[in-house]
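For reference, the structure is listed below as structure tokens.
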Amino acid sequence: MEDSKATVAVIMGSDSDLPNLKGAFSILNDLSIPYTARVISAHRTPAVALDFAQNAEKNGLKILICAAGMAAHLAGVMASHTTLPVIGIPMPCEPFNGFDSLLSTVQMPPGIPVATVTAGKAGAKNAALYAAQILSLSDKELSEKLKTFRAEQTAKVKKADSSINNRIKELNV
Ligand code: RP5
């Protein structure tokens, strides 16, 4: 939920990243984690990025999720101005389809870590889940919700397994 008491910030380098981030907001909502969402660019609005990162802890935030594509400096720049955990999501972009974003986000020099997740939509989901797992270290209720999420996920795979042979027969191949 979008909230003034946000513990998680989801920051995207451009609003063009939003379609890839839907899964993150869906998971944060499902787990009732209050978040704030921003469009802040390390390159186009560097002063805003600096101000946001420097004041994040004072503003009650606990984790920053940063999604960016191409040169993708956002997560690293944010991490350089705060000791809060920063999770980076490499965004797919033309012409390299996110491989450039992946390397830019993951290859932080020693001293300023960024926890980089999968590129693209899967990464958005994993970033939200990973943020939840960090928060769950001091939130028993959230920890239980995550265990329920895992159990439901397991049940879905078992259900698929139990019907897969019938589904293959239906393909008539
Ligand atoms: C990055 O550049 C953004 O995160 C986005 O993934 C990419 C392209 O941005 P736009 O040109 O679509 O605004 O900073």
Side-chain angles (χ1 to χ4, degrees), residues 1-109 112-136 139 142 145-146 149 153:
M1 71 203 74
E2 234 288 328
D3 200 309
S4 57
K5 293 192 178 65
T7 52
V8 173
V10 182
I11 307 151
M12 59 202 92
S14 167
D15 61 351
S16 67
D17 297 318
L18 183 58
N20 286 310
L21 297 176
K22 208 173 147 196
F25 297 114
S26 171
I27 284 170
L28 292 170
N29 282 334
D30 285 352
L31 295 171
S32 304
I33 295 174
Y35 65 83
T36 184
R38 296 286 304 270
V39 179
I40 300 175
S41 167
H43 307 279
R44 295 166 177 161
T45 59
V48 180
L50 174 68
D51 179 69
F52 188 92
Q54 283 181 332
N55 291 300
E57 192 172 351
K58 192 181 74 189
N59 288 335
L61 290 165
K62 293 189 173 164
I63 299 166
L64 307 185
I65 295 175
C66 298
M70 303 183 83
H73 292 135
L74 182 61
V77 165
M78 289 296 190
S80 70
H81 294 291
T82 181
T83 53
L84 293 175
V86 174
I87 302 171
I89 317 172
M91 289 285 99
C93 285
E94 292 297 325
F96 300 118
N97 207 22
F99 190 52
D100 46 353
S101 323
L102 170 65
L103 294 180
S104 295
T105 309
V106 77
Q107 282 291 67
M108 285 298 290
I112 306 292
V114 166
T116 304
V117 294
T118 326
K121 289 179 179 166
K125 291 179 184 172
N126 276 352
L129 287 169
Y130 196 61
Q133 288 178 210
I134 296 170
L135 293 172
S136 78
D139 184 336
L142 183 54
K145 282 183 189 168
L146 282 166
F149 171 88
Q153 186 168 249

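In what follows, residues are counted from 1 in the order of the sequence shown. Being a predicted model, the structure only gives us computed values, none of them experimental.
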query: Do the non-hydrogen side-chain atoms of L61 and T36 ever get within less than 4.5 Å of each other?
result: yes
message: Going by the rule side-chain hydrogen bond (donor to acceptor under 3.5 Å, both in side chains), which residues pair with D51 if we only count those two or more places apart in sequence or in a different chain?
response: N55
- prompt: Taking only residues two or more places apart in sequence or in another chain, which ones pass side-chain hydrogen bond (donor to acceptor under 3.5 Å, both in side chains) with T118?
  reply: N126
Between [atom1] of [X] and [atom2] of [Y], what distance do you get to the nearest 0.5 Å?
X    : Y    : atom1 : atom2 : result
N20  : M12  : CG    : CE    : 10.5 Å
D139 : K145 : CG    : NZ    : 7.5 Å
S41  : D15  : OG    : CG    : 11.5 Å
M108 : T116 : CE    : OG1   : 8.5 Å
C66  : L74  : SG    : CG    : 4.5 Å
Q133 : L31  : CD    : CG    : 10.0 Å

- prompt: Among N59, L64, T82, whose side-chain contact (heavy atoms from CB on, under 4.5 Å) with F52 holds?
  reply: L64
- request: Report the C-alpha separation of L28 and V10 in whole Å, then their side-chain angles, then the decisive distance to 0.1 Å, and conclude whether the side chain to side chain contact (heavy atoms under 4.5 Å, CB included) test is met.
  value: CA-CA 10 Å; L28 292 170; V10 182; 3.8 Å; yes
- prompt: Okay, side chain of S26, backbone of K22: is any donor-acceptor separation there less than 3.5 Å?
  reply: no
task: Using modelled atom types only, decide if a donor and an acceptor are shared between the side chain of S101 and the backbone of M91 within a distance under 3.5 Å.
output: yes
message: According to ring-ring contact (aromatic ring centres under 6.0 Å, His included), who are the partners of H81, at least two apart in sequence or on a separate chain?
response: none
- request: Decide side chain to side chain contact (heavy atoms under 4.5 Å, CB included) for L146 and L129; before the verdict, give the C-alpha distance in whole Å, the side-chain angles of both, and the deciding distance to 0.1 Å.
  value: CA-CA 8 Å; L146 282 166; L129 287 169; 4.1 Å; yes
message: Using the rule given for side chain to side chain contact (heavy atoms under 4.5 Å, CB included), can you reason through L135 versus V8, listing the C-alpha separation, both sets of side-chain angles and the distance that settles it, and then say yes or no?
response: CA-CA 9 Å; L135 293 172; V8 173; 3.8 Å; yes
- prompt: Does CD in Q54 sit with more than 12 non-hydrogen atoms of other residues, nucleotides or ligands closer than 6.0 Å?
  reply: yes
